[in-house]
Number of protein chains: 2
Amino acid sequence: MSIRDVAAAADVSYQTVSRVINGHPSVRTATRERVLATIEELGFRRSVTAHALASGRSRSVTVLTANTTHYGYATILQGIEEAARGASYALGIGVLETADERSVRAEIRRAADTGGGLIVIAYDPAGVRALRAVPAGLPVVGVVETPASPPGADRPWVWTDDRAAAHEATRHLLALGHETVHYVPIPSSTSGTAPRTAGWRAALRSAGAPEPRRVQGGWGPAAGHAAGRRLAADPAVTAILCGNDDLALGVIRALHEAGRAVPGEVSVAGFDDAPGSAYLTSSLTSVRLDFAGLGRAAFALLHGVVEQAAPITPHPVSVPELVVRESSGPPPDAP
Amino acid sequence: MSIRDVAAAADVSYQTVSRVINGHPSVRTATRERVLATIEELGFRRSVTAHALASGRSRSVTVLTANTTHYGYATILQGIEEAARGASYALGIGVLETADERSVRAEIRRAADTGGGLIVIAYDPAGVRALRAVPAGLPVVGVVETPASPPGADRPWVWTDDRAAAHEATRHLLALGHETVHYVPIPSSTSGTAPRTAGWRAALRSAGAPEPRRVQGGWGPAAGHAAGRRLAADPAVTAILCGNDDLALGVIRALHEAGRAVPGEVSVAGFDDAPGSAYLTSSLTSVRLDFAGLGRAAFALLHGVVEQAAPITPHPVSVPELVVRESSGPPPDAP
DNA sequence: CTGAAAGCGCTTACAG
DNA sequence: CTGAAAGCGCTTACAG
């Protein structure tokens, strides 16, 4: 069924039907209502394909991401979907399987083929590379780590201030009396210093705490476990900050296996406040980041870019909040 | 840039370009190569929109699901994405916010508007309702719980045998010497008996174990925690099977708070084998389900339906595997 | 093996 | 306020 069928049934030309479904003002009220009634009656739905081809606009957004299952990524996706659905935008997903330049470009092409806007999650090398490689002219929004310097208005980016969050978590542990805080990082997205690392380091420095040797990190509990084993072997370690809650899970497990009590002997704090973290034994002190809000903000920004409505300002979306639970406490030798 | 530009540059008609990009056989090799070279040189990409409009086919699939972040859902999604990308299909997502009939139908319409196939994850009332409400003629594949009876060939469904999995997990606990096994269910998707519940019950029955009173379940750790508190209060409880690992997390936490040791006093087993489960303290005995494989199978089936190639047979995708870890052991009074 | 015509279902100026 | 024409970039028969 096409607008011609509707036109015939409503006894108008198909252009008038087009005007009605596009909310064009210059249609007599009586005509509009007749057409609307006919559309309802016939169950007509405009072909999004034909609309996209004829108009050159597509009301769709594709998310480019290296991962769809990790808590942060999945929740950003959820926020984007929510906002997209609210705006009647179709949502597509393209996964960046590797950070390889060729395959990243291939994924961008595939995403661009859909004709809609792009949201790139740039938390890892693949995402960072993708965000850089998007050709000019394509509407794109980046979900990024805290930038080192404020990005220009030509960079529609959103982020949560994870540098400040790492700073706060580190300060929390130091304030409990720990001499210093070890850090198990998530993989850095670029060659520079990751914001979480930077925040942790800054907090140590301003407290005059010595900066411990770097630890090898990762994304999941297995990496946390490996890091935890090494840290557990060092009796001087009394406080560990982890780049995410999955790492913290593995670290706590390793400490437990080594017979070191949490938080009695070692305090642990995570990052993200994943849904399970409050139910771990011991429940995990963590920094809550509003990933869903971040996703919604990313879509809102893209929507602004595409419809050229609002002026675009890159901005942090929310202030992360430290949630103190059982896993952090004073060091063993505290008074 | 269109096929006309390519045609002009290659000095052929645009129909010939169309033939070349569609792999039509009747093109002279020399012509084909010239056109291909021109396409490469100009960086031409066929408009998917125009292709879809003209051909009526769209090489895309939309996943309809009530959730995108829970481990099972997210991993199925990941499997579908992988397979779709491999087949050069675009992947869309539509979330069923409520199980309300009106909004479910609205989501189906939105998904159908894209012109591609549908995969519906029917693990919950919203998904089940959506799968039922898809109008005939639309290519659709269902990812379902183990069906009570084998579905007909007109129902392209995939599933893992979670009934057998629940049976096996229950038998494992009984074999350790427990008198019976309590079950904390995930919400059932329909009014009938859920397959996990059925498998658990069948195992109890065939072992002659008494069936305990039903426990209120849910999806997340909070629900597990609530259920766990109630179960912890009953000293007769020595073994608990949970409908997923998140529930188990909450249950273990509640047992811990009540001072009941796992597995010393109470054994706990989960379902899904989520990535963190092996790193919990105690590490969780769980049933591993191949959700990614399920997603890939769902896409393969849809691909078959859309291209009308393979004959469609609904089928279970893989055999779940029980992973025994620390959280399950003999009951306290065992010899 | 290759070209000319019609059409997919819309939108976008252009008339009136 | 409403209609007739051209076009978006392809595909699908139909000729030759």
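Atom set for the values below is all heavy atoms of this structure, side chains included, hydrogens, waters and symmetry mates excluded. All values reported here derive from a predicted model rather than from experimental measurement. Proteins get letters first, then strands, A, B, ... in listed order; numbering begins at 1 in each.
Counting only N and O atoms by type, the side chains of B:Ser189 and B:Asp124 include no donor and acceptor under 3.5 Å apart.
With D:dG9, D:dT2, C:dA4 as the candidates, the nucleotide lying closest to the side chain of A:Ser26 is D:dT2. Of the candidates C:dG3, C:dT11, D:dT12, C:dT11 carries the atom nearest the A:Asn22 side chain, counting heavy atoms from C-beta on.
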Give the dot-bracket line for DNA chain D from 5' end to 3' end: parentheses for intra-strand Watson-Crick or G-U pairs under 3.5 Å, square brackets for crossings, | for inter-strand pairing, dots for unpaired.
|||.||||||||.|||
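Closest heavy-atom contact between B:Leu42 and B:Val6: CD2-CA, 4.2 Å.
Going from atom OH of A:Tyr14 over to atom C1' of D:dG7 covers 11 Å, rounded to whole Å. Across the protein-nucleic acid pair, A:Asp5 atom CG and C:dG9 atom P stand 9 Å apart, rounded to whole Å. Taking atom CZ of B:Arg19 as the reference point, atom C1' of C:dG3 lies 7 Å away to the nearest angstrom. The distance from atom CE of B:Met1 to atom C1' of D:dC10 is 15 Å, rounded to the nearest whole Å. C:dC10 atom P lies 9 Å from atom CZ of A:Arg4, rounded to whole Å. Atom pair A:Leu53:CG and D:dG9:C1' shows a separation of 6 Å (rounding to whole Å applied). Going from atom NE2 of B:His51 over to atom P of D:dT12 covers 7 Å, rounded to whole Å. The nearest whole Å value for the distance from the CZ atom in A:Arg59 to the P atom in C:dC10 is 16 Å.
Checked against salt bridge (Lys or Arg N to Asp or Glu O under 4.0 Å), B:Glu41 has no partners two or more places apart in sequence or in another chain.
The side-chain heavy atoms of A:Thr68 and A:Tyr73, taken from C-beta on, include no pair separated by under 4.5 Å. Contact check for B:Ile186 versus B:Trp219: side-chain heavy atoms found under the 4.5 Å cut-off. For the pair B:Leu301 and B:Trp157, the minimum side-chain heavy-atom distance is 4.5 Å or more. When side chains are defined from C-beta on, A:Thr69 does not count as touching B:Tyr71, because their heavy atoms never get closer than 4.5 Å.
Residues of residues 28-49 of chain A having a heavy atom closer than 4.0 Å to DNA chain D, listed by number: A:Arg28, A:Thr31.
Comparing B:Ser13 and B:Ala54 by the nucleotide of DNA chain C whose heavy atom lies nearest to each, the residue mapping closer to the 5' end is B:Ser13.
A sub-4.0 Å separation between OP1 or OP2 of C:dT12 and a side-chain N or O of A:Arg57 is present. Remark: B:Thr16 is in phosphate contact with C:dG3, judged by side-chain N or O atoms under 4.0 Å from OP1 or OP2.
For CZ of A:Arg45, the number of neighbouring non-hydrogen atoms (other residues, nucleotides, ligands) closer than 6.0 Å is greater than 12.
A cation-pi arrangement, defined by a distance under 6.0 Å to the six-membered ring centre and an angle within 45 degrees of its axis, is absent between A:Arg59 and A:Tyr89.
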